[in-house]
2 protein chains.
Amino acid sequence: MKPAKPEETQTRVRTSQSTQTATLAEIARQAGVSAPTVSKVLNGRADVAPTTRTRVEELLREYGYRRRRAEATRSPLIDLVFHELESAWAMEVIRGVENVAREEGLSVVLSESAGRLTPGRTWADQVAARRPHGVVLVLSGLDESQRALLTSRSIPFVVMDPAGDPGDDVPSIGATNWQGGLAATRHLVELGHRRIGAISGPSRMMCSRARVDGYRAALETAGLPVDADLIKAGDFHHETGYRLGLELLRRPDRPTAVFAGNDLQALGLYEAARELGLRIPEDLSVVGFDDLPVARWVGPPLTTVRQPLMEMAEAAARLVLDLGRQEGASAATRVELATSLVVRSSTGVPGLPAV
Amino acid sequence: MKPAKPEETQTRVRTSQSTQTATLAEIARQAGVSAPTVSKVLNGRADVAPTTRTRVEELLREYGYRRRRAEATRSPLIDLVFHELESAWAMEVIRGVENVAREEGLSVVLSESAGRLTPGRTWADQVAARRPHGVVLVLSGLDESQRALLTSRSIPFVVMDPAGDPGDDVPSIGATNWQGGLAATRHLVELGHRRIGAISGPSRMMCSRARVDGYRAALETAGLPVDADLIKAGDFHHETGYRLGLELLRRPDRPTAVFAGNDLQALGLYEAARELGLRIPEDLSVVGFDDLPVARWVGPPLTTVRQPLMEMAEAAARLVLDLGRQEGASAATRVELATSLVVRSSTGVPGLPAV
């Protein structure tokens with residue numbers, strides 16, 4: 001792993017009107033430091049004074065500096081960043097990225113943004129220092145300075161299942177969440193349900209909003225009223241499915257079916273139903289979302305919307321590697337893989353045994 | 001990341017009688033190459049002829065060469081290697097290592113030995129090249145040349161839940177598997193069960209053998225016969241729990257209780273019981289092993305032996321970092337964390353409702 005030489009780099013100076021090219025030496029002159037010092041900053045070396053580092057980073061960003069991509073300067077790594085590392089959901093994603101990494105002779109570096117939706121500044125510095133082939137962010141995003149930092153090092157990134165709106169110029173891989181929410185709810189309507197509740201994920205996550213919007217669209221196109229009291233804001237965790245499930249099921253006018261937002265919340269809802277002595281599907285129909293392995297294993301096996309998580313992760317990893325291979329490629333790529341309804345035994349005609 | 005200088009290294013020549021010190025220059029002379037070439041091999045650089053590389057590696061191993069540990073030459077990484085990345089089980093382990101890594105400002109590099117029980121040669125080269133603070137191997141091992149390669153770079157390693165017998169000089173973290181199998185089976189005996197089946201994990205895995213031995217010990221100490229027909233060799237997967245569960249439950253003299261070896265096999269057994277119309281626990285008591293999050297969520301919630309997976313992974317990560325901090329430390333450390341029986345609703349008195 002040799003440090004980048006000046007001739008391996010190129011710079012474009014971006015102003016509102018024009019795009020020019022500047023050298024690393026020019027950045028150094030502007031910053032009042034030597035060219036090797038700018039190199040050290042680019043390589044994430046620790047032996048640079050913090051104030052110098054900040055000044056150089058600002059100039060790199062201001063000038064829209066991009067190190068020329070050179071395979072030789074990259075480590076055989078791909079970074080995978082999670083919002084939170086918590087469920088079998090994350091496992092499917094890890095397996096997908098690992099599959100592609102193995103094919104390409106790369107190793108996967110795993111990080112967690114630990115509940116915050118953008119990973120910390122230290123994280124971006126570490127990534128810049130280890131120079132991976134690319135970064136896959138899951139349900140997570142990057143702030144402006146983090147994006148600038150990765151861009152100046154020509155480290156491509158792709159967001160899988162964007163939490164917020166990542167911006168038009170950020171490549172992303174998602175699933176057809178709206179369509180999935182629609183299919184789940186339409187299935188319940190077709191079985192004859194008229195009072196259908198929903199437990200959503202966090203409202204700040206786009207995937208979660210899209211699912212509930214699909215649920216609403218299915219009710220509205222069937223001419224059924226949307227009752228705001230039957231829509232509960234969850235967080236994709238089992239415990240919340242249980243708690244909000246109890247709230248929904250204890251109502252005197254309880255719903256006969258619930259679209260649970262994801263599989264873990266559906267399992268929480270199973271627990272709530274069990275506690276209240278309600279049978280699934282005779283007394284309550286349940287639809288999940290994700291189709292985690294566990295969905296097949298629970299009793300009764302869960303009807304759910306399959307999201308091809310492993311394939312999505314594979315697609316995100318391939319896309320980020322492709323971006324790294326194309327000099328200067330920045331085509332905004334957004335891909336949504338299809339979801340599909342998997343009918344098992346947790347849904348039935350209201351008041352009757354399973355379909 | 002600067003390359004190691006010769007003065008940062010030291011060598012001990014091990015013969016059967018004595019321990020001597022040799023320099024990198026002496027290794028180079030023996031190999032008929034320059035000292036920088038030996039450095040390149042140690043640093044995993046690609047620009048060394050394969051035959052030279054092999055010769056140098058052999059000499060490094062022969063002379064028991066150990067690079068002196070120097071924090072400065074390490075990347076802020078910790079390697080985590082799985083036998084297979086497959087279940088919620090792996091997720092708990094990843095979370096444990098990630099917790100420690102975050103505390104220490106390190107990132108986790110994840111690899112999978114993909115079903116083989118020792119990761120490939122390429123893997124060891126990659127690890128040597130990226131110079132992590134240490135390597136945690138899960139249900140996996142290293143062959144002689146891989147151990148030599150890591151040892152010569154002073155990269156410490158710890159095995160979590162050793163699959164085979166890792167050797168006395170390999171530090172490892174496990175759980176009290178035998179004790180867990182004993183507790184699970186004793187619980188069933190105390191409820192009044194007399195015909196108790198078992199589904200084991202793969203017999204090449206020590207943890208799996210120990211659990212079944214605990215099961216046998218419980219039967220024998222209770223004066224009950226051990227019926228070999230009631231012990232089925234599984235592989236820790238759900239599908240196998242289902243398949244072997246059907247075999248056990250279709251017998252005319254079917255067992256009234258089964259120790260399922262792990263939670264995933266227990267869930268497969270649930271499915272087999274459901275298919276045959278047997279109620280849990282009225283017609284069949286089931287005990288799992290692991291206490292994955294899903295054990296609480298299934299219906300009925302699963303009685304299981306809790307294995308503190310996250311704590312075990314944290315302990316393994318801390319141990320490997322400690323080993324890296326102590327110059328020349330090679331104390332064989334074996335730790336087994338305690339398992340504990342968690343009684344939920346899948347076990348009961350034979351023919352009666354849940355306890």
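No hydrogens, no waters, no symmetry mates; every other heavy atom, side chains included, goes into these values. All chains are named by letter (A, B, ...) in the order of the sequence lines, taking the proteins before the strands, and each is independently numbered beginning at 1.
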Kindly give the heavy-atom pair with the smallest separation between [X] and [Y], and that separation in Å.
X: A:Leu110; Y: B:Glu98; value: O-OE1, 3.3 Å
X: B:Gly299; Y: A:Arg274; value: CA-NH1, 3.2 Å
X: A:Gly105; Y: B:Gln126; value: O-NE2, 2.8 Å

At what distance, to the nearest 0.5 angstrom, does [atom1] of [X] lie from [atom2] of [Y]?
X: A:Glu239; Y: B:Arg296; atom1: CD; atom2: CZ; result: 5.5 Å
X: A:Phe82; Y: B:Arg95; atom1: CZ; atom2: CZ; result: 12.5 Å
X: A:Glu271; Y: B:Trp297; atom1: CD; atom2: CH2; result: 9.5 Å
X: B:Leu77; Y: A:Ser75; atom1: CG; atom2: OG; result: 8.5 Å

Next on the checklist: Suppose a student defines contact as a heavy atom less than 4.5 Å from any heavy atom of chain A. Which residues in residues 306-314 of chain B would they list?
Outcome noted: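 Not one residue of residues 306-314 of chain B has a heavy atom under 4.5 Å from chain A.
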Checklist entry - Which one, B:Leu292, B:Val97, B:Val108, B:Val294, leads in non-hydrogen pairs under 4.5 Å with chain A? => result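 Of the options given, most contacts go to B:Val108.
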Checklist entry - chain B: which of A:Gly268, A:Ala101, A:Ser111, A:Pro293 shares the most heavy-atom pairs with it under 4.5 Å? => result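 It is A:Ser111.
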Checklist entry - Would B:Ser107 and A:Arg130 count as having a side-chain donor-acceptor pair, cut-off 3.5 Å? => result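 A:Arg130 and B:Ser107 do have a side-chain donor-acceptor pair below 3.5 Å.
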Item to check | Structural part of B:Leu264 lying under 4.5 Å from a heavy atom of chain A | outcome: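 It is the side chain, since no backbone atom gets that close.
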Checklist entry - After noting the C-alpha distance and the side-chain angles of A:Ile94 and B:Ile94, does the key distance pass the side chain to side chain contact (heavy atoms under 4.5 Å, CB included) rule? => result CA-CA 11 Å; A:Ile94 291 171; B:Ile94 292 172; 3.8 Å; yes
